[in-house]
Amino acid sequence: MHIQPKASHFINGKYVEDTDGTALPVIYPATGETIAHLHEATPAIIEQAITSAHRAQQQWAALSGTERGRVLRKAADIIRERNHDLSVLETYDTGKPLSETLVADATSGADALEYFGGLSGSLTGEHIQLGQDWVYTRREPLGLCVGIGAWNYPTQIACWKAAPALACGNAMIFKPSETTPLCALKIAEILIEAGLPAGVFNVIQGGGPVGAPLISDARVNKVSLTGSVPTGRKVYAAAAQDLKHVTMELGGKSPLIIFDDADLENAVGGAILANFYSSGQVCSNGTRVFVQKGIKDQFLKRLAKRLKNAVIGDPMDQATTFGPMANQAQLQITLDYIAKGKAEGARLIYGGGALDQPGFYIQPTVFADVNDDMVIAQDEIFGPVMAVLDFETEDEVITRANATDFGLSAGVFTQNLTRAHSVIAQMEAGSCFINSYNDAPVEAPFGGMKLSGVGRENSKEAINHYSQLKSVYVRMGDVEAPY
Ligand SMILES: NC(=O)c1ccc[n+]([C@@H]2O[C@H](COP(=O)([O-])OP(=O)(O)OC[C@H]3O[C@@H](n4cnc5c(N)ncnc54)[C@H](O)[C@@H]3O)[C@@H](O)[C@H]2O)c1
Ligand SMILES: C[N+](C)(C)CCCC=O
């Protein structure tokens with residue numbers, strides 16, 4: 001398997017290089033070694049991508065939805081056939097264990113392409129009868145969309161954005177995170193192999209200085225960002241200059257509420273999934289775990305015992321269940337937060353340090369006796385740090401769970417289903433879970449409230465964010481003008 005791609009960018013159906021771009025080393029998080037050398041997009045590369053995508057979009061939109069869907073579904077099939085290699089590449093890009101990437105990344109991307117490929121033939125407007133006259137609506141593409149990705153799910157993010165965009169007849173330029181540039185190039189290659197016309201999906205590399213000119217270009221009609229709130233503010237503001245459409249999938253500090261009647265093993269399992277999957281680098285993670293006082297000690301005891309079963313090590317070994325952080329910077333940020341948690345007086349129950357070995361390894365970490373005011377209970381850490389907070393009553397926990405500017409996710413564990421639905425209905429969060437955590441099937445809308453985002457990815461709802469309605473009034477009789 002070649003880790004080094006043929007070139008840095010994929011434009012108009014081909015790999016393209018411009019070595020004048022700043023060097024972009026790709027670092028394998030498990031060893032710290034450089035495994036590929038790429039270059040950031042130069043202004044010439046950015047212009048080439050915009051010109052190609054802008055030209056290709058109209059040809060793509062002119063196909064029927066069924067024809068477009070066929071291409072997307074073929075791409076989904078190819079991705080599934082090559083799941084192993086794509087998963088290995090995802091592991092090289094992110095450091096996530098192969099035991100995860102084999103089931104959660106390319107497969108999720110294939111689901112999105114299959115789902116939106118299936119929908120694209122039935123994207124219709126409606127007919128509205130008004131006496132003799134009538135109105136019909138046409139669902140039209142937005143035009144050229146820019147997708148900008150974070151580094152935790154490079155394949156999934158590229159596909160979750162490309163699939164609805166392309167299904168609706170748009171073209172896309174996708175800019176992966178500068179720290180995980182490999183996977184999106186493979187998706188671009190596969191889409192061409194599946195029959196996508198050249199230029200409809202393009203990938204260019206680089207950081208903010210490459211993303212910013214894409215957003216401000218007059219030929220771009222929409223931007224979909226997956227990233228942090230500070231970046232979201234900048235991107236949203238830049239898009240607002242020309243009132244461009246946006247989807248913002250941003251950060252979170254989500255609550256997971258565990259009542260004393262919950263099935264304890266399921267609740268502990270849910271808390272593990274909500275904090276330590278992908279070494280904690282998941283936007284929707286339930287990192288504020290509110291545990292009702294009566295079961296707190298039992299919960300912490302079982303949690304610590306089960307965490308001992310985490311297999312931390314070589315992410316390419318399928319027995320490994322907990323890999324390194326994706327990059328050195330995120331490791332350091334996480335260690336700094338752990339130090340803050342200790343300094344603020346939270347009780348360290350498990351983990352708490354980096355592993356003394358090459359790569360960006362850290363232990364899964366749990367703090368108990370965390371207060372709402374502590375920094376580790378307020379900031380998104382984006383690392384494997386669980387904050388356990390005590391609560392007594394339902395009303396109290398609802399107020400405290402919502403006392404955050406974020407609103408991506410929320411979860412509740414209880415065997416009282418009336419309470420479960422009532423609590424979830426009061427959560428200020430977009431993607432919620434009852435007796436589960438972090439499930440994200442393509443059929444369900446995914447996205448946040450408050451600072452966690454604007455718009456939704458996946459499900460039929462995503463169609464509304466990648467298309468626009470034109471309404472056409474048709475008069476059947478004469479026009480009665482006043483003069
Ligand atoms: N809600 C979601 O679906 C979701 C999913 C994954 C990650 N995230 C969030 O992403 C964050 C972690 O990812 P990250 O560190 O890569 O985020 P980030 O905000 O640093 O970067 C995200 C992307 O934005 C680009 N970017 C940065 N400045 C830009 C600018 N001025 N104009 C255009 N593009 C710019 C980066 O190059 C990168 O591709 C966390 O906050 C996490 O919660 C959210
Ligand atoms: C599918 N997950 C695991 C919920 C990840 C969604 C994207 C957020 O980081």
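The chain is numbered in sequence order, starting from 1. Order of appearance sets the numbers: ligands from 1, and atoms from 1 within every ligand.
No side-chain heavy atom of F360 sits under 4.5 Å from any side-chain heavy atom of Q330. Residues F413 and L264 form no side-chain contact, since every pair of their non-hydrogen atoms from C-beta on lies 4.5 Å or further apart. The side-chain heavy atoms of M248 and T226, taken from C-beta on, include no pair separated by under 4.5 Å. Counting heavy atoms from C-beta on, the side chains of P364 and Y350 come closer than 4.5 Å.
Shortest contact from atom 24 (O) of ligand 1 to any protein heavy atom: I148 CG2, 3.4 Å. Among all protein heavy atoms, the one lying closest to atom 3 (C) of ligand 2 is Y153 OH, 3.4 Å.
Looking at K234 next to ligand 1, no N or O pair under 3.5 Å apart turns up. Residue contacts with ligand 1: G252 is placed with no nitrogen or oxygen under 3.5 Å of a nitrogen or oxygen of the ligand (distance criterion only). The shortest N or O to N or O distance between T231 and ligand 1 is below 3.5 Å. Considering both main-chain and side-chain atoms, S228 comes within under 3.5 Å of ligand 1 through a nitrogen or oxygen pair. An N or O contact shorter than 3.5 Å is missing between F446 and ligand 1 by distance. Polar contact with ligand 1: absent for S452 (N/O pair, distance under 3.5 Å). Taking only nitrogen or oxygen atoms, main chain and side chain alike, C283 reaches within less than 3.5 Å of ligand 2. Looking at S284 next to ligand 2, no N or O pair under 3.5 Å apart turns up. Here's the thing with T226: none of its N/O atoms is less than 3.5 angstrom from an N/O atom of ligand 1.
The distance from atom OH of Y361 to atom CG of L355, rounded to the nearest 0.5 Å, is 8.5 Å. A distance of 10.0 Å separates NZ of K161 from CD of Q156, quoted to the nearest 0.5 Å.
Residue-level proximity to ligand 1 for Y153 is absent, since no heavy atom of it falls below 4.0 angstrom. For E380, every heavy-atom contact with ligand 1 shorter than 4.0 Å involves the side chain, none the backbone. For E457, no heavy-atom contact with ligand 1 is shorter than 4.0 Å. Neither the backbone nor the side chain of V229 has any atom closer than 4.0 Å to an atom of ligand 1 (non-hydrogen atoms only). Only the side chain of I215 comes within 4.0 Å of ligand 1, judged by heavy-atom distances. Counting heavy atoms closer than 4.0 Å to ligand 1, residue L225 contributes side-chain atoms (C-beta onward) but none from N, CA, C or O. Contact annotation for V235 and ligand 1: only side-chain heavy atoms (C-beta onward) come within less than 4.0 Å of the ligand. Under 4.0 angstrom from ligand 2, there are no non-hydrogen atoms of D439. Within the 4.0 Å heavy-atom criterion, neither part of V282 lies near ligand 1.
Using a non-hydrogen distance threshold of 4.0 Å, Q156 registers as a contact of ligand 2. By the 4.0 Å heavy-atom criterion, G453 is excluded from the residues contacting ligand 1. The closest approach between a heavy atom of G448 and any atom of ligand 1 is not below 4.0 Å.
The contact set between ligand 2 and N438, taken as ligand atoms under 4.0 Å from a residue heavy atom, comprises 4 (C). Residue contact check: A440 has heavy atoms under 4.0 Å from atoms 1 (C), 4 (C) of ligand 2.
When all heavy atoms are compared, the tightest approach of F10 to A188 is CD2-CB, 3.5 Å. The shortest non-hydrogen separation linking A401 to R288 is O-NH2, 2.8 Å. Scanning both residues, I376 and F367, for their nearest heavy atoms gives CD1-CD1, 3.7 Å. In terms of heavy atoms, Y437 sits closest to S409 at OH-CB, 3.4 Å.
A salt bridge links R219 to E47: one of the charged nitrogens lies within less than 4.0 Å of a carboxylate oxygen.
For the residue pair T101 and D105, no side-chain donor N or O sits within less than 3.5 Å of a side-chain acceptor on the partner.
K222 pairs with exactly one of N170, T247, V246 by the side chain to side chain contact (heavy atoms under 4.5 Å, CB included) rule, that one being T247. Under the side chain to side chain contact (heavy atoms under 4.5 Å, CB included) test applied with F116, the options D111, N458, L166 reduce to a single match, N458.
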Exercise for the section: Determine, stepwise, if the pair W160 / F446 fulfils ring pair (Phe, Tyr, Trp, His ring centres under 6.0 Å). Expected result: CA-CA 10 Å; W160 281 18; F446 185 84; 5.6 Å; yes

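More than 12 heavy-atom neighbours from other residues, nucleotides or ligands sit within 6.0 angstrom of NZ on K450.
Of the candidates P209, P154, G227, S216, the one placing a heavy atom closest to atom 9 (C) of ligand 1 is G227. Comparing heavy-atom distances from atom 7 (C) of ligand 1 across T180, N152, I157 singles out N152 as nearest.
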